[in-house]
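A quick write-up on the structure given underneath.
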Amino acid sequence: MFGLLSVSQAAVLALVLWAFWRLVRFYVLPSTLDNVPGPEPSSIIWGDITKLFGSHSRAFHMDLWRRFPPVVKIKTFLGQRMLYVYDPKAMHHIIVKDQYLYEETPTFLNFNRLVFGPSLLSSLGEEHRQQRKLLNPVFHINHMRHMSTTFYRITHRLRNTLRRKVSDGPKEIEMLDWITRTALELLAQGGLGTSFDTLDDDNPHPLVRDLKALVPSSRPFFILARFLPIERLARVGSAKLRRWVVDHIPSRRLHRVVAIVDHLENVNKGVLARKKAALAAGDEAVMEQVGEGKDIMSVLLKANMKASEHDKMSDEELLGHMSSLMFAAMETTSGALARILHLLAQHPEVQEKLRQEIIEARRGGDVDYDELVALPYLEAVCRESMRVHSPAGMMSRMTREDVVLPLSSPIKGNDGTMMNEIAVPKDTVVTIGILASNCNQDLWGPDALEWKPERWLKPLPETVTEAHIPGVYSNLMTFLGGGRACIGFKFSQMEMKIVLSVLLETFRFKLSDKEVTWNLGGLQAPAVGKDGRAEMPLVVELVSPQ
Ligand code: HEM
């Protein structure tokens, strides 16, 4: 039959048959998930995928929380069934107890391997465990303490530049840009032991623009990666041949992504070579480097030199970790900090109370790490912001075999029977509702959706403490939990508190007349207007004008 068809006709026919088979498989053939309640899909082809993962999906999520139990079945592309889960016991099984049965999705792993190279973001099972074994100590709180002086120094630069800008009166400033530049520089000095940005003019390092463009530019390829065997394709032929093929695909967007990846890799190759040379030259050369040998990469390189041959990381892996750290650290923390500044501008009374606490603690100078992390209202503002506005609203996993998912409390199935557990077939995508858990009214109370820092100044409701939510941070899922919990969460806590304490001592932040809205998408980002570019203008004024 294929003798009568051209290659393109055969490809189209194969695609149609494949789509037809999926429609039959997911809409007609029975599944153990049929009894799990969930919304009727809004499209036979796309299911509710765009409603769930789109930029303006908050209303859809809230509708799910209102209408369904904390395990919901959602139809996605061509009817594929996905579970959306925020039942605490179920989440514990997914990310802790049975974490190797619910691994990252192949799309996530393949995409990260192609973009960043081998790293925590693209490894599984034993390989991932080995990498965490080497990396966990590097993120230990003792190293963070050493970094606080570096963090203060960088934040002072930001303060000086902003002070210059508003010295003759309040001004509207695009704060997301400054916060993102600061986050990259904090990671550059604290994480990589290098410097990219002096933060003293209006010209950010080109990496800021590239890292910000990476997610939007690569979104279509991320979707494509769901359906193409990217990992196998990435091993066909030599690297040179693969590169030739990519360079000849007529897609400007693809070439933009490739240029970003090249840029990231070239910058990191230079940093790695300089670090290795300094380590080989001895302690004096290390001390002359930007991070004085205390940054994450220097500590990691030293640990790597001592590691057994079996545990040692290759240069390719080290470069992969550098690129993925830059990516994982920058967008998340800058989004979080921008959100806190926006919330403080929306709630001037909270901003004033926080400023008083900071001014009293700082007494005009920097506060040491332990004193800073112990400030109760600062802690309450950070926790509450990370609860209601977690930068990542959800994270997906995929079952690697048939598995039974137990629940904290039974849910009513579509046939009216109560279910204590759900049989989940192999290859099911299970999405953890991070925001859904953080805003769960059954646990946090009827005001769960409201931003109220004061709730952290008194004991949390027993419904929260007894739910055994498996997150690493304050009964929240913001940084996830288990073996793949955010490795940089202490780093980001310190970053947020240092930046907030230095800025709030000097500046007051007010809403501008441009309305800022937050897009949910992959990571929450602010924009002016519904689909505008990522930005967050705020009016900045000196607390004590000279
Ligand atoms: C507010 C800031 C941050 C938030 C909300 C956040 C959130 C998360 C979440 C939810 C994960 C789990 C991802 C998954 O399972 O697929 C994660 C993983 C990760 N994060 Fe963060 N993160 C933040 C800041 C940082 C920083 C500052 C760094 C680095 C210095 C970092 C490095 C990483 C890395 C390397 C992973 C992968 C861990 C692994 O797979 O073992 N993150 N983060």
Side-chain angles (χ1 to χ4, degrees), residues 91 94-96 99 102-105 107-109 111-113 116 118-125 127-136 138-140 143-144 147 151 179-180 182-192 295-297 299-300 317 320-340 382-383 385-398 429-435 437-438 470-474 476-500 522-525:
M91 290 193 298
I94 295 165
I95 60 173
V96 182
Q99 59 180 297
Y102 298 86
E103 279 282 16
E104 296 279 5
T105 64
T107 315
F108 178 92
L109 297 165
F111 180 82
N112 287 328
R113 186 170 284 262
F116 305 120
S119 76
L120 283 177
L121 297 181
S122 61
S123 60
L124 285 183
E127 189 190 358
H128 182 263
R129 233 190 341 252
Q130 283 299 331
Q131 292 175 345
R132 284 290 293 227
K133 202 169 105 187
L134 265 180
L135 280 159
N136 278 340
V138 179
F139 283 89
H140 192 270
H143 292 305
M144 299 297 118
M147 274 181 220
F151 278 28
I179 292 294
T180 310
T182 310
L184 180 64
E185 185 58 11
L186 290 168
L187 196 267
Q189 294 205 22
L192 311 181
D295 56 276
I296 291 171
M297 277 321 282
V299 180
L300 182 63
E317 263 180 278
H321 290 310
M322 291 166 85
S323 299
S324 39
L325 277 181
M326 277 163 102
F327 174 72
M330 200 184 87
E331 287 279 279
T332 46
T333 314
S334 58
L337 260 168
R339 175 69 89 157
I340 298 178
C382 290
R383 282 192 195 175
S385 308
M386 291 303 90
R387 185 183 72 81
V388 195
H389 301 291
S390 166
M394 59 206 143
M395 280 288 157
S396 294
R397 298 288 190 258
M398 188 190 256
V429 172
V430 178
T431 291
I432 298 160
I434 294 180
L435 265 183
S437 172
N438 290 355
V472 281
Y473 172 63
S474 306
L476 302 177
M477 292 302 290
T478 308
F479 296 92
L480 236 58
R484 298 192 87 102
C486 176
I487 202 167
F489 106 88
K490 288 259 157 42
F491 188 102
S492 87
Q493 293 290 291
M494 184 170 79
E495 183 170 346
M496 281 186 233
K497 289 186 172 178
I498 288 185
V499 172
L500 286 174
L523 286 173
Q524 298 210 43

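Computation of the quantities below employed the complete heavy-atom set of this structure, encompassing side-chain atoms and omitting hydrogens, waters and symmetry-equivalent molecules. Start at 1 and go down the list; that is how both ligands and their atoms are numbered.
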>> Could you report the tightest heavy-atom contact between Tyr473 and Arg383, atom names first, then the distance?
In response: OH-CG, 3.3 Å
>> What's the separation between atom CG in Leu337 and atom OG1 in Thr333, rounded to the nearest 0.5 Å?
In response: 7.0 Å
> Looking at Asp295 and Gln189, what are the two nearest heavy atoms and their distance?
Replying inline: CB-O, 3.4 Å
>> Restricting to non-hydrogen atoms, name the atom on Met386 and the atom on Leu476 that form the minimum distance, rounded to 0.1 Å.
In response: C-CD1, 4.3 Å
>> Filter on side-chain hydrogen bond (donor to acceptor under 3.5 Å, both in side chains), then keep only pairs touching residues 387-396, sequence neighbours left out; what's left?
In response: Arg339-His389, Glu384-Arg387, Ser396-Thr431
>> Out of the candidates Met494, Glu495, Met147, only one should pair with Leu186 under the side chain to side chain contact (heavy atoms under 4.5 Å, CB included) rule; please name it.
In response: Glu495
> For ligand 1, what is the set of protein residues having any non-hydrogen atom at a distance below 4.0 Å?
Replying inline: Glu104, Phe108, Leu120, Leu121, His128, Arg132, Phe139, Leu187, Leu325, Ala328, Ala329, Thr332, Thr333, Ala336, Pro391, Met395, Arg397, Thr478, Phe479, Leu480, Arg484, Ala485, Cys486, Ile487, Gly488, Phe491, Ser492, Met496
